[in-house]
Amino acid sequence: MKLLEGKTAIITGAARGIGKAIAIRFAQEGCNIAFTDLVMDENAQATENEIATFGVKVKGYASNAADFEDTHNVVNEIVKDFERIDILVNNAGITRDGLMMRMSEQQWDMVINVNLKSAFNFVHALTPVMMKQKSGSIINMSSVVGVHGNAGQANYSASKAGMIGLAKSISKELGSRGIRANAIAPGFIITEMTHQLSEEVRAEWAKQIPLKRGGTPEDVANTALYLASDLSSYVTGQVIQVDGGMNT
Ligand SMILES: NC(=O)c1ccc[n+]([C@@H]2O[C@H](COP(=O)([O-])OP(=O)(O)OC[C@H]3O[C@@H](n4cnc5c(N)ncnc54)[C@H](O)[C@@H]3O)[C@@H](O)[C@H]2O)c1
């Protein structure tokens, strides 16, 4: 029996990177996939085609996760298309790094809106659906810097700490309805997001990792699978660091 047979997941920002790896891992376990990203371009279409090869139902939706109304509209559309939603992965995220003194209001607002408000938007839109079903697993993509902080990433770290506070709070509010909520805090994962960093910075990060390698999107996807499935049926309000031992 596959771990997510017959279930449906919404994964935000899943055209590439960690979100895409989670969508593929879930699909391998029989999960139907509704994924969102800012645009449904060739890249997103290729992701949709790849997921379809696992024989599950899949559809990509163009949606800005930071936009409250847009999110409610897309969730309504997804519920019409898929009927039930068992899993929500709030994965969409961006960086706009800079030292606090030089950080613009726009840099702050963008990161908070895309990384944190987006999760509020999706949880707000989906809670009634999951409450009716009396079950659900919500996974917020945080980061080790949301746990420990990082110079030059005050906006990003604050947004990722917020993802932990949000998961912990809704785990308390929704536990009695059979809905679990947890956060994953990845360390240094090799994706296009971390390719924006200089080679020097990447080498410095790698040195600090006890397992002596950067993580892969699949490393994170396996943890997401655990939290999405009944393997973690008594786990809620937790943060799991997937960081090669870097920050523990
Ligand atoms: N890569 C890492 O080392 C790392 C570490 C810790 C946490 N994370 C978190 O994991 C998540 C995925 O990161 P990644 O490395 O795969 O990044 P990525 O940049 O490769 O992918 C992010 C995806 O989100 C989409 N997106 C951006 N803004 C959006 C919006 N407003 N609405 C919908 N989609 C939007 C992008 O188009 C992209 O497809 C992010 O939340 C990131 O903060 C990444």
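Numbering of ligands and ligand atoms starts at 1, following listing order.
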- Please check if atom CD in Glu5 has more than 12 non-hydrogen atoms from other residues, nucleotides or ligands closer than 6.0 Å.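 More than 12 heavy atoms, drawn from other residues, nucleotides or ligands, come within 6.0 Å of this atom.
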- Query: Are side-chain heavy atoms of Met100 and Asn155 found at a separation under 4.5 Å?
  - Reply: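 Result no, sub-4.5 Å side-chain heavy-atom pair not found.
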- So do the side chains of Asn182 and Ile139 get within less than 4.5 Å of each other, counting heavy atoms only?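 Side chain of Asn182 against side chain of Ile139, heavy atoms only: no contact under 4.5 Å found.
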- Within the 4.0 Å heavy-atom sphere of ligand 1, strictly under, residues: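 For ligand 1, the residues that come within the 4.0 Å heavy-atom cutoff are Gly13, Arg16, Gly17, Ile18, Asp37, Leu38, Ser63, Asn64, Ala65, Asn91, Ala92, Gly93, Ile94, Val114, Met141, Ser142, Ser143, Tyr156, Lys160, Pro186, Gly187, Phe188, Ile189, Thr191, Met193, Thr194.
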- So, the side chain of Thr194 versus the backbone of Ile189: is there a donor-acceptor pair under 3.5 Å, distance only?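 Side chain of Thr194 to backbone of Ile189, a donor-acceptor pair under 3.5 Å: yes, one is there.
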Under 3.5 Å, which donor-acceptor pairs link side chains of residues 22-29 to any protein atom two or more places apart or in another chain?
unit_1: Arg25; atom_1: NE; unit_2: Asn222; atom_2: OD1; d: 2.8
unit_1: Arg25; atom_1: NH1; unit_2: Gln28; atom_2: OE1; d: 3.0
unit_1: Arg25; atom_1: NH1; unit_2: Glu29; atom_2: OE2; d: 3.4
unit_1: Glu29; atom_1: OE1; unit_2: Leu3; atom_2: N; d: 2.8

- Task: Identify whether NZ of Lys or CZ of Arg in Lys57 sits under 6.0 Å from the centre of the six-membered ring of Phe82 and within 45° of that ring's axis.
- Result: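 Yes, Lys57 sits over the ring of Phe82.
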